[in-house]
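Shown next, in structure tokens, is the structure this report addresses.
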Protein chains: 2
Amino acid sequence: MPDSLKSAANGALEPFDRFVETILSFDCDRATRDAFRRLAYRISAEPGESMRLDDSRDSIVFMASGAAKLVAHVSDDRQQVVAFHFAGDLVSVPQRNAHAYELCALTHSVALAFPAAAYMALADAEPALLRTMIDRTLLALNRSREKSVALGRKTAPERVTGFIASMADRIGTREGAGCTIRLPMSRRDIADSLGLTIETVSRQFTDLRGEGVIETSGRSAVRVPNLAALRARAAGPNGPAD
Amino acid sequence: MPDSLKSAANGALEPFDRFVETILSFDCDRATRDAFRRLAYRISAEPGESMRLDDSRDSIVFMASGAAKLVAHVSDDRQQVVAFHFAGDLVSVPQRNAHAYELCALTHSVALAFPAAAYMALADAEPALLRTMIDRTLLALNRSREKSVALGRKTAPERVTGFIASMADRIGTREGAGCTIRLPMSRRDIADSLGLTIETVSRQFTDLRGEGVIETSGRSAVRVPNLAALRARAAGPNGPAD
DNA sequence: CGCGCACTTGAACATGGTCAAAGGGCGTGG
DNA sequence: CCACGCCCTTTGACCATGTTCAAGTGCGCG
């Protein structure tokens with residue numbers, strides 16, 4: 001498949017153009033932009049495929065299109081999805097150390113990868129970009145903290161409800177008081193993200209369906225008739241924590 | 001207690017001097033340094049006390065001395081310790097939103113707090129500082145991800161062993177192949193950090209003691225005769241994940 | 001020195017996991 | 001276009017890890 005066709009599917013934009021538009025959206029001088037272009041390498045991956053990164057050093061990955069999961073491998077039969085990422089996201093993937101991290105495509109994805117050290121060296125010349133990096137890293141940190149709270153202190157029903165609410169915010173399409181979501185990840189991915197098993201996730205979906213909080217059609221489509229009702233359930237039986 | 005005495009206990013260094021030494025350790029011009037000094041407000045807290053931050057906006061807190069826990073409150077009877085922080089750490093504390101976050105002293109602590117937005121505005125003039133901020137935020141992100149892995153996919157024995165190994169690295173004093181740790185946090189704090197109950201944590205300590213992996217004296221002193229043996233246990237029965 | 005609170009220990013219980021099997025979406029090939 | 005079949009998902013029954021509830025122990029502060 002020629003690149004021209006692929007970029008047409010992505011809104012007629014080359015991955016690097018999308019990167020410039022999303023990340024270098026300040027007054028970035030031409031030389032710097034070209035330096036980033038030379039540093040970047042293009043990655044595309046099909047569903048289930050791992051994004052081939054240089055795992056001998058930290059990487060920074062810009063998701064030009066698609067959806068991916070960042071997975072930490074604990075042992076052969078245990079893995080934890082640390083985060084989900086979608087088009088426009090900037091993902092920091094650490095060099096393999098204590099746990100092996102892997103960025104794995106959920107749908108057909110195109111991304112740009114950079115060696116983190118060289119990327120940061122370039123960014124040093126552009127304070128505006130450094131600010132963007134901080135803001136995005138802080139966003140990732142806050143999401144990660146919220147995940148810790150869920151994994152450490154929430155029940156299975158709360159985790160699943162919270163997950164659906166979060167996906168509604170990130171990739172749902174609003175419809176009045178409700179929302180429709182096309183989930184790109186499998187029940188296993190959801191389970192590995194929430195620290196549960198596929199069976200438990202499935203049972204929670206069934207319960208939510210029974211209570212009319214969600215409707216499903218097929219494996220991936222979820223409709224939330226009333227977002228407020230969903231969020232109320234996600235906070236637990238006592239309501240919001242303040 | 002006059003400030004002069006307190007700073008003497010902290011190695012004869014005022015909190016702000018410690019901040020300059022640790023964070024503004026690049027060639028920072030005088031005007032900027034003074035601007036940071038005017039922006040900072042000094043906080044000191046005794047064990048169990050919450051650090052009084054302006055919770056209407058994000059804060060950046062520099063721990064000049066002591067130890068603290070960053071706690072997310074889920075409901076009255078459920079809380080999650082999101083991170084522990086020690087002298088020299090820079091903590092990003094979000095404005096209260098979904099969950100109420102609180103930075104709470106474990107030992108007598110002195111800190112400098114800044115409104116995050118104003119702090120970042122000042123930092124914009126100093127790329128070297130922005131880099132420091134990114135590096136430290138990434139460190140926090142990686143620690144948070146590792147916590148997610150532990151909370152989502154590790155057993156109680158693995159979590160407790162991993163916790164002790166982590167504390168050995170951060171605040172332990174090496175002694176040949178071993179290490180001695182003075183834990184500033186209670187069993188409850190450990191439990192709230194690991195997503196367990198105090199009883200489970202206590203039982204794990206008892207087991208580790210029985211197997212000779214740790215020795216304890218009093219409530220807070222832990223000696224690890226062999227750090228390698230501890231780390232081997234922390235990785236789980238299958239050994240490291242690669 | 002003695003009191004209180006943190007910690008430890010024990011026994012019953014529950015949430016979610018494991019094991020097993022049936023059902024159904026969705027891609028493939030006819 | 002429809003039928004087949006794989007594999008993801010759902011459902012059910014049993015089980016285990018960690019929680020809950022309850023009682024005892026001892027560290028450390030006043």
Side-chain angles (χ1 to χ4, degrees), chain A residues 46-48 69 74-80 106-108 150-164 182-211 214-222 236-237, chain B residues 46-48 69 74-80 106-108 150-164 182-211 214-222 236-237:
Chain A
E46 297 310 313
K69 56 180 175 179
V74 178
S75 59
D76 287 346
D77 55 345
R78 287 188 295 177
Q79 57 181 45
Q80 174 67 36
L106 296 171
T107 66
H108 169 75
L151 295 178
R153 285 289 177 248
K154 293 201 175 173
T155 64
E158 288 164 358
R159 291 185 210 181
V160 172
T161 318
F163 167 80
I164 298 172
R182 181 124 228 144
L183 294 176
M185 68 289 284
S186 67
R187 296 287 185 273
R188 167 157 299 283
D189 294 328
I190 299 172
D192 284 343
S193 168
L194 300 180
L196 300 169
T197 59
I198 39 177
E199 291 94 332
T200 301
V201 171
S202 181
R203 280 185 250 270
Q204 296 308 325
F205 268 77
T206 305
D207 291 353
L208 287 171
R209 220 180 290 127
E211 295 178 33
I214 63 170
E215 296 155 21
T216 61
S217 73
R219 280 168 186 163
S220 72
V222 176
Chain B
E46 297 310 313
K69 56 179 175 178
V74 179
S75 60
D76 286 348
D77 55 346
R78 287 188 294 177
Q79 56 181 45
Q80 174 67 36
L106 297 170
T107 65
H108 169 76
L151 295 179
R153 285 290 177 244
K154 294 202 175 172
T155 64
E158 290 164 357
R159 291 185 210 182
V160 173
T161 318
F163 167 79
I164 298 173
R182 182 124 229 142
L183 293 176
M185 69 288 284
S186 68
R187 295 287 185 274
R188 166 156 300 283
D189 294 329
I190 298 172
D192 284 343
S193 168
L194 300 180
L196 300 170
T197 59
I198 38 177
E199 292 93 332
T200 301
V201 171
S202 181
R203 281 184 249 270
Q204 296 307 326
F205 269 77
T206 305
D207 291 353
L208 288 171
R209 219 180 290 127
E211 295 177 34
I214 63 170
E215 297 157 19
T216 61
S217 73
R219 279 169 187 164
S220 73
V222 176

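Quick note on labels: first sequence line is chain A, next is B, and so on, each numbered from 1. The model shown is predicted, which means the values in this text are computed figures rather than measured ones.
- Remark: B:Thr200 is in phosphate contact with D:dT19, judged by side-chain N or O atoms under 4.0 Å from OP1 or OP2.
- Using a cut-off of 4.0 Å between Lys/Arg side-chain N and Asp/Glu carboxylate O, A:Glu158 and A:Arg153 are scored as not salt-bridged.
- Map B:Phe205 and A:Glu199 each onto its nearest nucleotide of DNA chain C; the residue landing nearer the 5' end is B:Phe205.
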Exercise. Could you go step by step and tell me if A:Ser202 and A:Arg187 meet the side-chain hydrogen bond (donor to acceptor under 3.5 Å, both in side chains) rule?
Worked result: CA-CA 7 Å; A:Ser202 181; A:Arg187 296 287 185 273; 5.4 Å; no
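- Within the structure, a side-chain polar atom (N or O) of A:Thr206 is placed less than 4.0 Å from OP1 or OP2 of D:dT11.
- Using a 4.0 Å heavy-atom criterion, one finds that A:Leu196 contacts the sugar-phosphate atoms exclusively.
- When the C1' atom of D:dG18 is taken as reference, atom CZ of B:Arg78 falls 16 Å away, rounded to whole Å.
- In this structure, CD of B:Glu46 is placed 14 Å from P of D:dC29, rounded to the nearest angstrom.
- Formation of a donor-acceptor pair under 3.5 Å by the B:Arg159 side chain with backbone atoms of B:Leu151 is found in this model.
- Within the 4.0 Å cut-off from OP1 or OP2 of C:dT15, not a single side-chain nitrogen or oxygen of A:Thr155 is found.
- Residue B:Arg203 places no side-chain N or O under 4.0 Å from the OP1 or OP2 atom of D:dG18.
- Here CG of B:Asp207 is found 5.5 Å from CD of B:Gln204. Values are rounded to the nearest 0.5 Å.
- The distance from atom CE of B:Met185 to atom C1' of C:dC7 is 16 Å, rounded to the nearest whole Å.
- Residue-level contact check: A:Ser186 touches the backbone only, with heavy atoms under 4.0 Å from sugar-phosphate atoms and none from bases.
- Straight-line distance from the CD1 atom of B:Ile198 to the C1' atom of C:dT9: 12 Å, rounded to whole Å.
- Atom CG of B:Asp189 and atom P of C:dC5 are 17 Å apart (whole Å).
- Two residues, B:Arg209 and A:Gly195, neighbour DNA chain C, and the one matched to the more 5' nucleotide by heavy-atom proximity is B:Arg209.
- For the atom pair A:Phe163 CZ and A:Leu196 CG, the distance stands at 11.0 Å (nearest 0.5 Å).
- Out of C:dT9, C:dG16, D:dT10, the shortest distance to the side chain of A:Arg187 is found at D:dT10.
- Nucleotide D:dG28 holds its C1' atom 11 Å from the CZ atom of B:Arg182, rounded to whole Å.
- If you take CG of A:Leu151 and C1' of C:dG16, they are 14 Å apart, rounded to a whole angstrom.
- Counting non-hydrogen atoms under 4.0 angstrom, B:Arg159 reaches nothing in the nucleic acid.
- B:Arg219 contributes no side-chain N or O that forms a donor-acceptor pair with the base of C:dC7 under 3.5 Å.
- Summarising the geometry, the separation between CD on A:Glu158 and C1' on C:dG16 is reported as 14 Å, rounded to the nearest angstrom.
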